[in-house]
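Below: the structure, in structure tokens.
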Amino acid sequence: MKMNRIQFQPGISLSEFLADYDTEDRCAATIESARWPTGFECPHYGNKRHSSYMRGSVKVFQCSICRKQTTLTEDTIFHSTKLPLTKWFQVRYFLTQTKNNISSLEMKRLIGVCYRTAWTVKHKIMQVMFEQEQTTKLSGRVEVDDAYLGGEHEGSKRGRGSEDKSPFVAAVQTKQ
Ligand SMILES: [Zn+2]
């Protein structure tokens, strides 16, 4: 449950990476399991009963109790993006697999996007990576909380912070 499938293990080869994250569906499923390791949970009261459907290419969850809708990517850096998730994952892969900084120009060439997109995506991801480092202590605390929350009654109200069970999701959430 603590396995973070988006935070690629160090040294994963490019071909392994491409095999694992080759479609939008696989990237979306990765985000879903990172956001909700035990299945969707309504952000309002923590209820788990829901239905889901696709709105275009975005998965929408509807809480069976409060009826509020939550999309897979809202509150994440992927929200409202026109860039396919596979490309976001590729940028993140290159940023995490090399010790050297990759220029936006090089990223543009590697990913096959325009310079502006390469620059924007790279900086968004670097920002959350930076914030993640800043909150390493917090992540440790969240993990402890997580273990604790596991013993709580089902349906108890969950705070926003407790949604961030996966270190990656904590890293991508925009908190707006
Ligand atoms: Zn609800």
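Atoms within a ligand are numbered from 1 in the order they appear, just like the ligands themselves.
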Atoms of type N, O or S from protein under 2.8 Å of the Zn ion (ligand 1), total 3
Is there a donor-acceptor pair under 3.5 Å between the side chain of Lys48 and the backbone N or O of Gly39?
-> yes
Over 60° means perpendicular and under 30° means parallel, so classify the ring planes of Tyr93 and Phe17, tilted if in between.
-> parallel
Between Glu16 and Tyr21: side-chain donor-acceptor atoms closer than 3.5 Å | no
Lys87 side-chain N/O to Ile111 backbone N/O, donor-acceptor pair under 3.5 Å | yes
Please check if the side chain of Ser103 supplies one atom and the backbone of Glu106 the other of a donor-acceptor pair under 3.5 Å.
-> yes
Between Arg26 and Ala19, is there a donor-acceptor pair closer than 3.5 Å when you use the side chain of the first and the backbone of the second?
-> yes
